[in-house]
Amino acid sequence: PKRFSYAKDDDLSKIILQNKDGDFSSLLAVSMIIKAKLEKFPLLCADVIVPVPNFHTTESTKAVSIAKKVSILINENYPNKEIKFRNVLRKTIDRSTKGMTRNEKEEFYGENKVYQFNSNYDIKGKNILLIDDVVTAGFTAQQCIKELLENGANSVYFYATATTKN
């Protein structure tokens, strides 16, 4: 089995980055593009959809909103394939890395376990689709993927809707 795979979508990148400071009312448009792209990336291999979490679990981040929409779209359009949405990760440090240099981010993520597995869920043998809205340096994704694999995930597919320039 694949242990890790990554996809990004330039059309989604444009929409996400254009609306990064808004209330994300264009989520429906984003979800329609995601639906159109489903066949190009093995999203249907996933058993569980996991968003990259925010520190405050009551806040619905863009990654959470997108992950929920993807789950709904897949389950509505592929009735024989049920993919569960689960917050199986939690962010343990409430600190933004915005404004940090790449080296500062690398040091910060190297010294801290920013993301941790929520042991309330069993992911052993499951194929995980990890979703984030934006990837800059990839340190968040690396730490989340490592945490999922160390806690028994069979494979992790990572889908970022946008990337920024380093």
Side-chain angles (χ1 to χ4, degrees), residues 2-79 81-92 94 96-97 114-123 126-136 138-149 151-164:
K2 279 188 177 181
R3 295 294 287 172
F4 169 71
S5 182
Y6 168 69
K8 77 175 189 87
D9 185 309
D10 291 328
D11 292 331
L12 286 176
S13 293
K14 290 175 191 168
I15 291 172
I16 297 286
L17 294 173
Q18 287 170 353
N19 295 287
K20 67 180 180 177
D21 297 321
D23 64 358
F24 223 69
S25 59
S26 65
L27 189 57
L28 183 57
V30 172
S31 67
M32 295 310 290
I33 293 171
I34 290 171
K35 181 180 177 183
K37 302 291 183 176
L38 286 177
E39 305 304 327
K40 292 186 178 181
F41 185 66
L43 302 179
L44 297 178
C45 295
D47 302 304
V48 180
I49 292 178
V50 175
V52 169
N54 190 20
F55 181 77
H56 302 287
T57 56
T58 56
E59 291 180 12
S60 186
T61 63
K62 291 174 191 163
V64 171
S65 298
I66 293 167
K68 284 181 180 176
K69 276 290 185 188
V70 170
S71 176
I72 290 167
L73 283 170
I74 291 173
N75 290 322
E76 284 178 352
N77 290 284
Y78 299 91
K81 176 70 180 174
E82 181 186 359
I83 300 178
K84 297 181 184 329
F85 169 87
R86 296 283 187 262
N87 278 313
V88 302
L89 296 169
R90 62 186 177 99
K91 189 172 183 181
T92 59
D94 187 14
S96 175
T97 58
V114 181
Y115 297 94
Q116 195 168 41
F117 181 72
N118 179 349
S119 61
N120 293 334
Y121 299 102
D122 181 16
I123 61 167
K126 302 285 187 202
N127 297 314
I128 306 292
L129 172 59
L130 177 66
I131 294 181
D132 202 356
D133 57 340
V134 177
V135 172
T136 302
F139 297 115
T140 295
Q142 288 173 358
Q143 206 168 82
C144 289
I145 290 164
K146 181 180 179 198
E147 194 69 13
L148 292 166
L149 291 172
N151 283 279
N154 180 54
S155 61
V156 178
Y157 298 93
F158 177 66
Y159 192 95
T161 56
T163 57
T164 59

Participant: Measure from the side-chain N and O atoms of K81 to the backbone N and O of A46, and report whether any donor-acceptor pair falls under 3.5 Å.
Facilitator: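 Yes; judged by distance alone, with no hydrogens or angles, the pair exists.
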Participant: Nearest 0.5 Å, what's the CG-CZ distance between L148 and F158?
Facilitator: 11.0 Å
Participant: Check side chain to side chain contact (heavy atoms under 4.5 Å, CB included) between K146 and all other residues, then give those that pass, not counting sequence neighbours.
Facilitator: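 K146: side chain to side chain contact (heavy atoms under 4.5 Å, CB included) contacts with E150.
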Participant: Over all heavy atoms of both residues, which pair between L149 and N154 is shortest? Give the atoms and the distance, please.
Facilitator: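 Looking at all heavy atoms of both residues, the closest pair is CD2-O, 4.4 Å.
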Participant: Nearest 0.5 angstrom please: C144 SG to D132 CG, how far?
Facilitator: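 Rounded to the nearest 0.5 Å, the SG-CG separation comes to 7.5 Å.
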Participant: So, taking the atom named OH in Y121 and the one named OG in S119, what distance separates them when rounded to the nearest 0.5 Å?
Facilitator: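 Result: 10.5 Å between the selected atoms.
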Participant: Taking the side chain as every heavy atom from C-beta outward, state whether F85 and I72 have any pair of such atoms under 4.5 Å apart.
Facilitator: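 A side-chain contact is absent here, since even the closest heavy-atom pair is not under 4.5 Å.
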Participant: Measure from the side-chain N and O atoms of D47 to the backbone N and O of N127, and report whether any donor-acceptor pair falls under 3.5 Å.
Facilitator: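 Looks like yes, one N/O pair under 3.5 Å.
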Participant: For E82, which residues count as a salt bridge (Lys or Arg N to Asp or Glu O under 4.0 Å) partner, sequence neighbours excluded?
Facilitator: K84
Participant: Return the CD1 to CG distance between I128 and N151, rounded to the nearest 0.5 Å.
Facilitator: 10.0 Å
Participant: Could I get the full list of side chain to side chain contact (heavy atoms under 4.5 Å, CB included) partners for D122, not counting sequence neighbours?
Facilitator: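 Side chain to side chain contact (heavy atoms under 4.5 Å, CB included) list for D122, sorted by chain: K124.
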Participant: What residues form a side chain to side chain contact (heavy atoms under 4.5 Å, CB included) with Q142, not counting sequence neighbours?
Facilitator: F139
Participant: Evaluate the side-chain proximity of L89 to V50: yes if any heavy-atom separation is below 4.5 Å, no if none is.
Facilitator: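 Yes - at least one pair of side-chain heavy atoms lies under 4.5 Å apart.
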Participant: Where the side chain of S71 meets the backbone of I83, is there a donor-acceptor pair that is under 3.5 Å apart?
Facilitator: yes
Participant: Does any N or O in the side chain of E147 come within less than 3.5 Å of the main-chain N or O of Q116, such that one atom is a donor and the other an acceptor?
Facilitator: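 It does not hold such a pair.
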Participant: Residues in side chain to side chain contact (heavy atoms under 4.5 Å, CB included) with Q143, at least two apart?
Facilitator: Y109, V114, Y115
